[in-house]
Amino acid sequence: MKYTSKTDQELIEENSALKQRIRELEHSEGERRRAEEALRESEEKFRTFTENMNDILWTTDIEMKTTYVSPSIEKVLGFTVEERMKQPLTEQMPSETLRMAAETLLEELQHDEERDPDRHISLELDFLHKDGAVRCLETSLSFIRDGNGKPSGIQGLSRDITDRKRAEKALIESEEKFRKAFYTSPDSVNINRLEDGMYVSINPGFTSIMGYTEEDIIGKTSITNNIWENIADRQRLVDGLTKDRKVTNLEATFRMKSGDIRRGLMSASVIDLNGVPHILSITRDITDRKRAEEELQNTLKSLREAVGTTIQVMVTAVETRDPYTAGHQLRATDLARAIATEMGLPHEQIEGIRMAGSIHDIGKLYIPSEILSKPAKLTEIEFSLVKEHSQKGYEILKNV
């Protein structure tokens, strides 16, 4: 075998190639280390994210067996990750929810080839909390796919919306109650813009009382329709609402569509509709009640006048039988009334004292006029009869 020594140039070139290869290997190792470090950082960020997120991230295989669940499961549903991983699906959801979810996913699988492979399905699913309560979770589902693009599992992101759903339900119930009260109330209920009184909504009670239909009134103002019989009443309403945002039991007179004037008792408050102040008012027609009250007051006035006349007749009758003490009852009445006024007694009580004082000697009607008008000194028997007049007065008036 013939040995040929390498030239210096060849040795230099081999040495250079060797160094280049070493540099390439070192660079490759650095790239690998950087890739591993980036992977570790990515995994650390993902772990930090999943451990601190409020939503639940979870995955299952195509058989719906849980393969991963984020630690947030414990904050939302009370289960640890280990407990959840062991739970069959039948213990995670109410049966009705499980059936609905299964039917939805089955339908998606049957039409998978026809649909976008990145398609997400949004469902509101009920999950069982560890304490037995039911929590509503808004869930976004999508398929995990294998190398051939076929579904191999399911991934989901669930957010607890239980409190929001309860608030929505309460709001719906409140709106339904308001709607029923608005449309079934026999009183007039209407919503007007605060600025100019333009009608936004009226109930059937408004039409029944005022005579205006929605076509007549919506979009128009109370001023344009000349509904306020006295415009100062509306100003009192606006002033009260501006000051306190509500007005209670405001009496006002209104002009009906027919032109009739009726009296109403109004309560109102300020509400905001799309940021614009409006008036929600409820008005009860009190016209008939006010007429009845006026008639009652007139009747009472007539009764007072009749009673006063009757008492005056009785006073005159007593003074006619006892001319020696004429004017005594009136003077006694004035003194009693002055004392009662000084004492600060109520007006009704003072009036009762005045009335009683004016007839306090009515029992003298039972005493023979010969004794009352006798010019000489009375005998003991006659005087004893006179002293009986207070008892006789009681017997006359005790049933009045």
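We're numbering straight along the sequence, starting at 1.
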Decide if atom CD of Glu380 counts as having more than 12 heavy atoms of other residues, nucleotides or ligands within a radius under 6.0 Å.
no
For Val134 versus Thr162, what's the shortest heavy-atom pair and its separation?
O-CG2, 4.4 Å
Using the salt bridge (charged side-chain N to carboxylate O under 4.0 Å, His left out) rule, take Glu176 and Arg179 through it: C-alpha gap first, then chi angles, then the decisive distance, then the call.
CA-CA 5 Å; Glu176 179 64 15; Arg179 189 189 67 81; 2.9 Å; yes
Working to the nearest 0.5 Å, report the span between CD1 of Ile161 and CG of Leu137.
7.5 Å
Answer whether the closest heavy-atom distance between the side chains of Met100 and Leu125 falls below 4.5 Å.
yes
Could you give the distance from CE (Met64) to OG1 (Thr60), rounded to the nearest 0.5 Å?
5.0 Å
Considering non-hydrogen atoms only, spot the tightest contact between Ser72 and Ser70 and give its length.
OG-OG, 2.8 Å
Considering non-hydrogen atoms only, spot the tightest contact between Lys165 and Cys136 and give its length.
CG-SG, 4.1 Å
Hey, mind stepping through Asp163 and Arg135 against side chain to side chain contact (heavy atoms under 4.5 Å, CB included) and telling me if it holds?
CA-CA 9 Å; Asp163 294 337; Arg135 307 292 296 182; 4.0 Å; yes
Would Arg193 and Val276 count as a side chain to side chain contact (heavy atoms under 4.5 Å, CB included) if you check the C-alpha gap in whole Å, the side-chain angles of each, and the deciding distance to 0.1 Å?
CA-CA 8 Å; Arg193 197 162 59 192; Val276 179; 4.2 Å; yes
Under the criterion salt bridge (charged side-chain N to carboxylate O under 4.0 Å, His left out), I'd like the reasoning laid out for Glu168 against Arg164: C-alpha separation, chi angles, the key distance, then a yes or no.
CA-CA 6 Å; Glu168 289 175 354; Arg164 190 188 83 190; 3.4 Å; yes
Are any non-hydrogen side-chain atoms of Ile217 and Ile227 less than 4.5 angstrom apart?
yes
4.5 Å side-chain heavy-atom contact, Leu330 and Ser358:
no
What residue among Thr139, Val81, Leu157 forms side-chain contact (heavy atoms from CB on, under 4.5 Å) with Trp58?
Thr139
Would you say that Phe254 contacts Asp233 through its side chain, given a criterion of any heavy-atom pair below 4.5 Å between the two side chains?
no
Between Glu103 and Arg99, does at least one N-O distance fall below 4.0 Å, as a salt bridge requires?
yes
Assess whether atom CZ of Arg262 is packed by more than 12 heavy atoms of other residues, nucleotides or ligands within 6.0 Å.
yes
Can you tell me how far the CD1 atom of Ile191 sits from the CD1 atom of Ile279, to the nearest 0.5 Å?
11.0 Å
Does the side chain of Met210 come within less than 4.5 Å of Asn190's, by heavy atoms?
no
Which atom pair, heavy atoms only, marks the closest approach of Leu241 to Val247?
N-CG2, 3.7 Å
Minimum heavy-atom separation for Gly363 and Lys392, please, with both atom names.
O-CB, 3.8 Å
Rounded distance [0.5 Å steps], CD in Glu83 versus CG in Leu77:
11.5 Å
Determine which pairs satisfy salt bridge (charged side-chain N to carboxylate O under 4.0 Å, His left out) with at least one residue from residues 336-346, sequence neighbours left out, and list them in order.
Asp334-Arg337
Considering residues, nucleotides and ligands other than Ile381, do more than 12 of their heavy atoms fall under 6.0 Å from its CD1?
no
The ring-ring contact (aromatic ring centres under 6.0 Å, His included) partners of Phe79 (sequence neighbours excluded) come to none
Just wondering, are more than 12 heavy atoms of other shown residues or ligands nearer than 6.0 Å to CZ in Arg159?
no
Taking atom types as modelled, is there a side-chain donor on Asp239 or Gln235 under 3.5 Å from an acceptor on the other?
yes
Derivation of the side chain to side chain contact (heavy atoms under 4.5 Å, CB included) call for Glu370 and Lys374
CA-CA 6 Å; Glu370 294 83 0; Lys374 182 178 179 180; over 6 Å; no
Considering all heavy atoms, the nearest Ile56-Val69 contact:
CG2-CG2, 3.8 Å
Checking side-chain contact (heavy atoms from CB on, under 4.5 Å) between His389 and each of Leu372, Ile362, Ile367, which is the one that passes?
Ile367
Hydrophobic cluster identity match, Ile359 and Val307, side-chain contacts under 4.5 Å
yes
What I want to check is whether the side chains of Trp228 and Ser222 have a donor and an acceptor closer together than 3.5 Å.
yes
Crowding at NZ, Lys86 (>12 non-hydrogen neighbours, <6.0 Å):
no
Between Lys220 and Asp196, does the salt bridge (charged side-chain N to carboxylate O under 4.0 Å, His left out) criterion hold? Intermediate values first, please.
CA-CA 9 Å; Lys220 300 176 182 178; Asp196 55 9; over 6 Å; no
Is it the case that the side chains of Ser142 and Gln155 hold a donor-acceptor pair, with the cut-off being a distance below 3.5 Å and no angle test?
yes
According to the interplanar angle, ranging from 0 to 90°, do the rings of Tyr212 and Phe206 count as parallel (below 30°), tilted (30 to 60°) or perpendicular (above 60°)?
tilted
Under 4.5 Å between any side-chain heavy atoms of Ile144 and Ser152, yes or no?
yes
Roughly how far, to the nearest 0.5 Å, is the CG atom of Leu194 from the CG atom of Leu280?
12.5 Å
Are Ile202 and Glu214 packed together at the side-chain level, in the sense that at least one heavy-atom pair is separated by less than 4.5 angstrom?
yes
Should Phe143 and Ile154 be marked as a side chain to side chain contact (heavy atoms under 4.5 Å, CB included) after you check the CA-CA gap, both sets of side-chain angles, and the distance that decides it?
CA-CA 5 Å; Phe143 288 119; Ile154 299 166; 4.1 Å; yes
Side chains of Phe178 and Glu175 in contact at under 4.5 Å (non-hydrogen atoms)
no
Between the OG1 atom in Thr90 and the CG atom in Leu98, the distance rounded to the nearest 0.5 Å is 7.5 Å
